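Right, one structure below, let's go through it.
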Amino acid sequence: MQLNPNVIKEDFPLFKKHTSLAFLDNASTTQKPQCVIDKVNEYYNEYNSNVHRGIYQIGEKATYEYESVRGKLLQLVSANDNYSAIYTSGTTESLNLLAHSLSKLVLKVGDEILITEMEHHSNIVPWQIACEKYGCTLKYIPITEKGEWDISQIDSLITQKTKIVSMIHQSNVFGTINPVKKITELAKAVGAKVILDSAQSIPHGNVNIVDLNCDFLVFSGHKMLGPTGVGILIGKTEILNMMPPFMGGGEMIYTVSMESSTWNEVPWKFEAGTPNIAQVIGLGAAIDYLNNIGMDNIHAYEKKILAIAEKKLSQVPGLKIFGNPQKKGTVISFELDGIHPHDLAQILDEHNVAVRAGHHCAQPIMNKLNVPATIRASFYIYNSEKDINQLVNGLNSALKFFSIQ
Amino acid sequence: MQLNPNVIKEDFPLFKKHTSLAFLDNASTTQKPQCVIDKVNEYYNEYNSNVHRGIYQIGEKATYEYESVRGKLLQLVSANDNYSAIYTSGTTESLNLLAHSLSKLVLKVGDEILITEMEHHSNIVPWQIACEKYGCTLKYIPITEKGEWDISQIDSLITQKTKIVSMIHQSNVFGTINPVKKITELAKAVGAKVILDSAQSIPHGNVNIVDLNCDFLVFSGHKMLGPTGVGILIGKTEILNMMPPFMGGGEMIYTVSMESSTWNEVPWKFEAGTPNIAQVIGLGAAIDYLNNIGMDNIHAYEKKILAIAEKKLSQVPGLKIFGNPQKKGTVISFELDGIHPHDLAQILDEHNVAVRAGHHCAQPIMNKLNVPATIRASFYIYNSEKDINQLVNGLNSALKFFSIQ
Amino acid sequence: MDELRELYQQLILDHNQNPRNFREIENYDFHKKGYNPLCGDQLEIFINIKDDIISELSFTGMGCAISKASASIMTETLTGKSLSEANLLFKQFREMAMNGKITDGLPLKLSVLSGIYKYPSRVKCALLAWHTMHQSFDTQNIVDAKTE
Amino acid sequence: MDELRELYQQLILDHNQNPRNFREIENYDFHKKGYNPLCGDQLEIFINIKDDIISELSFTGMGCAISKASASIMTETLTGKSLSEANLLFKQFREMAMNGKITDGLPLKLSVLSGIYKYPSRVKCALLAWHTMHQSFDTQNIVDAKTE
Ligand SMILES: Cc1ncc(COP(=O)(O)O)c(C=O)c1O
Ligand SMILES: Cc1ncc(COP(=O)(O)O)c(C=O)c1O
Ligand code: FES
Ligand code: FES
């Protein structure tokens, strides 16, 4: 079924308030549909209470709603019984959890961790810290001019010393959909654990964790129509069982004595303290909403809108798109000759076009491109051709403004 | 001005849905007033976007709203310019941040950390883990039958080896308001850093960080009318500046290269990834709401309601209240002779009374009391004498039910 | 109160107040401690086996009415049963406790706990003794009802 | 567009396209790199001092129109000023950039940036060169506009 962005837009209250806003910063965070906002409110209005410990009706209801989102998440990524879903505060916390607990389980001095030059800072910095702590080496799969991985030297990068491979599924700068299966196969062959940063891929299409054969998958609720403050770690239960906990506190314990403590089962072992209850429950509604539209339909529509955007942008004089990967999602990074990205963003804002200017938390890519920043337009299901036209008009007017045209 | 719980109750939508609910589990989490729910919705409906990086109007607005809550928090605890406010996901994360980053700064083999037997698991487990990591010893201030600290041996507990003292301000089991200033003085004299777990004190009265002279103060939004998923760490900027970061990722960096990274300034150094934007903004509204009522008025009202509750409960046959501290907040733990706490909670639920049965994440206290669990009733500003009567009726009916009376 | 009456039937209250086989067996063949981390309650199960038949089954410990009654009724039900019968009854009872489904052949006495599935936080109470019994044959370590 | 026109006045656009004193000074007395972590932009400031007077002031680097124009105007304004005058102007300019407050005596030329406080994320752009200049007297390390 063809997706109609204008019908979808009706579900998003922000666009009722800002009727002429072309919101093109979806890779940063998405807008929220009414049903997600309603679900969060339902929790606060009808069964607001703590989970797991209240022997009273609203407490049981809150626990039921909170726990039942795990099943939705596992289903979303087609996970089988070997996987568990852990709630975190975001992709960043999920990756830090792994960099702490998985590292402790598998790393020893001299080992190697492999990431790529395309990573988001959240998938770089935690591994730099882990490498320093354990005396390990951080290696990078390089990227090409096209914004793709250069895997020509992969055999020297994945070795017997490689214990963890953590890679970005879809680039938040180029939009590249990366050939992760190849890497996973090679990583598994040397016994490395494989993590997929799917913060940018989950919202846009089917991600099948079993097919991709990775051990861990991380993503954020706020980039997939869900509330802020909730993220996900889906992982192989067997490995999670062996990993030491990340944070200590309430909920994650089995027993506590003054001398020592023992841990609760997975997933709760990794969920210390009162969790982000309202946010998890709201995320459940976001998943329902996405499933209702259908991930296949989303993917098909995004292909269409990307093609239109690329075509129209290429007609803007002096505009250069960074990267040209074969498989690409709805993210376009570009520059407009002679205008600094931040000045451009400011002018686009005046035209009611919200784009991002900056390094997109991917400074290694910026260094490679030899620019401090780019302009990024990223699209989602409520964006239509009208938004693209508005962007192009804004760009043309910026050219005039700076007297370049 | 005298606080009227029935007027206040009007502000809480949950009580419109559950008109006859006596919600007495406020030490676990509080209900949310309409203004907090509205503020969260305002963000989603009117300026939902990421913070700090969007050069567009809704992004600037979100950043402004998000950042301005820091000032409210600092004011709430009467902090001066020497302190910074860091957003976390809860008290538990705040304490884990400290157990990670402060420990790294100050601990070496053989050092000691001092906590108390009255702590919540979230203020025990992280220190157990830190002690194991750094080869340090965890010491405990014991508690008395009355549910107070026994500081008779304090001189042997605070020594030159003591580097961190982390203590609970108000007990979530006994309600004890602890004499923290005394301990802080002794701790400062040996150069130890002092942390106050004020999860239970902040919602109920004035906490003055300068007067209490502690270095760090931690608490949770959801226990003070705020959204779930947000917590606070207020700390001395000077110490925070020296502490290494907790989690790595977006926002918390200054520069990232493939080889290494440098850190952003405090507070952002400790806020990795897209933060819990809606929740922080919602917490701001909760603080406004509390200030509007007045912390003094809250404190005065709670004194009154506690006295009534204690009096009425003491008339229930076979009821024993645990602890009898001199200074006490609105938390009462008790047992009813012959009825297991969980059975009792179940029966009270049938009478629309929500209390907690369990160890309240304080197993060391339970071990001391030699019970597996207690029943806990905890009150807040919307609770009235009617709720107490409902509780007492429920208790009497439970006695009949189990044919004890 | 009707739902509650159903949960705490007279039989439950009776077993709670006068638990059967509430003692330690000397010279037991199997023994295991069970722990419910949700509430902190602990119980111990003692078993004697003769010719593959449970000849004696007893328990001690603290717990709520549900857990005590469930343990008490379990000891009555399983004494004299073969190990494979006990195993089958465990599975059927667990199914009932978790989903309310009553399998044909489940002794009537056990069905007093058929309403427990409506109280998710109490399911572990009903299963604590059963889990402990079931796992006592495996190892001699402490087990719990966590896996439910 | 009116607000935007106010932000990007002709003077700003002019200084952006033809920045004054955009070069490296050889044999400088002071030199400092400035970095804006929000956008990744960097600039360098070079200073010569004679008898407590700024005799030469120049800059190089990449940046947005606001930061380049601000740097350019700064070099024009401060050349020939004493260090204490420069210090005062820095404080006055910072006050204006952050709060829109124009102090008496602030050179008219600087007031073209008086609207920047309405754009919080751009305040650092306007201050980058000034901060770098100001801190160049302290140490020789990289500084930035972080403290705003
Ligand atoms: C004294 C105390 N400390 C810490 C916590 C943990 O707070 P949270 O679960 O919000 O992280 C609580 C609340 O349960 C508490 O009462
Ligand atoms: C690929 C990728 N990884 C990680 C992140 C970090 O996600 P969050 O900020 O929600 O923790 C992002 C989003 O900014 C991203 O695009
Ligand atoms: S409450 Fe502990 S076993 Fe039932
Ligand atoms: S955007 Fe970099 S200095 Fe203005």
Side-chain angles (χ1 to χ4, degrees), chain A residues 13-14 17 25 28-29 31-32 37 41 44-46 48-50 53-57 89-93 96 120-122 124-126 128-129 140 220 222 227-229 247-250 253 255-258 260-261 272-274 276-279 342 345-346 349 354 356-358 361 363-364, chain B residues 13-14 17 25 28-29 31-32 37 41 44-46 48-50 53-57 89-93 96 120-122 124-126 128-129 140 220 222 227-229 247-250 253 255-258 260-261 272-274 276-279 342 345-346 349 354 356-358 361 363-364:
Chain A
L14 185 123
K17 168 99 184 156
D25 194 16
S28 177
T29 199
Q31 297 306 327
K32 320 303 175 205
I37 298 169
N41 290 345
Y44 287 132
N45 291 337
E46 300 187 10
N48 175 81
S49 56
N50 218 321
R53 295 187 182 274
I55 305 188
Y56 46 80
Q57 280 161 46
S89 64
T91 304
T92 301
E93 188 180 299
N96 277 275
H120 186 278
H121 291 165
S122 293
I124 301 176
V125 182
Q128 288 179 334
I129 296 173
Y140 291 81
S220 293
H222 70 94
T228 60
M247 294 199 243
I253 59 95
T255 59
V256 174
S257 76
M258 282 167 57
S260 64
S261 302
T274 301
N276 36 8
I277 308 169
Q279 294 73 50
H342 283 64
Q346 195 86 60
D349 178 41
R356 174 123 315 191
C361 296
Q363 285 186 357
Chain B
L14 186 122
K17 167 99 185 160
D25 194 15
S28 177
T29 200
Q31 297 306 326
K32 319 303 175 206
I37 298 169
N41 290 344
Y44 288 132
N45 291 337
E46 300 186 10
N48 175 81
S49 56
N50 218 321
R53 295 188 184 272
I55 304 190
Y56 45 82
Q57 281 160 45
S89 65
T91 303
T92 301
E93 188 181 298
N96 277 274
H120 187 278
H121 291 164
S122 293
I124 302 176
V125 182
Q128 289 180 334
I129 295 173
Y140 291 80
S220 294
H222 69 95
T228 61
M247 294 200 243
I253 59 96
T255 59
V256 174
S257 76
M258 283 166 59
S260 64
S261 302
T274 301
N276 35 10
I277 309 168
Q279 294 73 52
H342 282 65
Q346 195 86 60
D349 178 41
R356 175 123 315 192
C361 296
Q363 285 186 357

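Lettering follows sequence order; numbering is per chain, from 1. What you see is a predicted model; the values in this text were computed from it and never measured.
Proximity of T92(B) to T274(A): side-chain heavy atoms (C-beta onward) are nowhere separated by under 4.5 Å. Two residues are said to be in side-chain contact when any heavy atoms from C-beta on lie closer than 4.5 Å; N276(B) and N276(A) fail this criterion. At least one side-chain heavy atom of Q57(A) sits less than 4.5 Å from a side-chain heavy atom of D349(B).
For H120(A), the part lying under 4.5 angstrom from a heavy atom of chain B is the side chain only. Looking at E46(A), both its backbone and its side chain come within 4.5 Å of chain B, counting heavy atoms on both sides. Of the two parts of I55(A), the backbone and the side chain both hold a non-hydrogen atom closer than 4.5 Å to a non-hydrogen atom of chain B. Both the backbone and the side chain of Q31(B) have a heavy atom closer than 4.5 Å to some heavy atom of chain A. Of the two parts of S260(B), only the backbone, made up of N, CA, C and O, holds a non-hydrogen atom closer than 4.5 Å to a non-hydrogen atom of chain A. Within the 4.5 angstrom heavy-atom criterion, atoms from both the backbone and the side chain of Y44(B) approach chain A.
Taking OG of S49(A) as the start and CG of L14(B) as the end, the distance is 8.0 Å to the nearest 0.5 Å. Separation of atoms OG1 (T255(B)) and NE2 (H121(A)) is listed at 8.5 Å; rounding is to 0.5 Å. Atom-to-atom distance recorded for I124(A):CD1 and M258(B):CE is 8.5 Å, nearest 0.5 angstrom. Annotation: the span from N48(B) atom CG to H222(A) atom NE2 amounts to 10.0 Å, rounded to 0.5 Å.
In this structure, the side chain of S122(B) engages the main chain of G250(A) through a donor-acceptor pair within 3.5 Å. With hydrogens and angles disregarded, a donor-acceptor distance shorter than 3.5 Å links the side chain of N96(A) to the backbone of G248(B). Judged by distance alone, the side chain of Q346(A) and the main-chain N or O of Y56(B) form no donor-acceptor pair under 3.5 Å. A donor-acceptor contact shorter than 3.5 Å is absent between the side chain of E93(A) and the backbone of A272(B).
The residue among T29(A), T91(A), N45(A) with the most heavy atom pairs within less than 4.5 Å of chain B is N45(A). When the candidates G249(B), A345(B), S257(B) are compared by the number of heavy-atom contacts under 4.5 Å with chain A, G249(B) comes out ahead. Counting heavy-atom pairs closer than 4.5 Å to chain A, the top-ranked of the candidates S89(B), G358(B), P227(B), S220(B) is P227(B). If you tally non-hydrogen atom pairs under 4.5 Å between each of I129(B), N50(B), I277(B), V256(B) and chain A, the highest count goes to V256(B). In terms of heavy-atom pairs under 4.5 angstrom with chain A, the leader among G229(B), C361(B), A357(B) is G229(B).
Partners of D25(B) under the salt bridge (Lys or Arg N to Asp or Glu O under 4.0 Å) rule, at least two apart in sequence or in another chain, are R356(B), R376(B).
Between the side chains of T228(B) and Q279(A), at least one donor N or O sits under 3.5 Å from an acceptor N or O.
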List the steps, then state whether side chain to side chain contact (heavy atoms under 4.5 Å, CB included) holds for I253(A) with Q363(B). CA-CA 11 Å; I253(A) 59 95; Q363(B) 285 186 357; 4.3 Å; yes

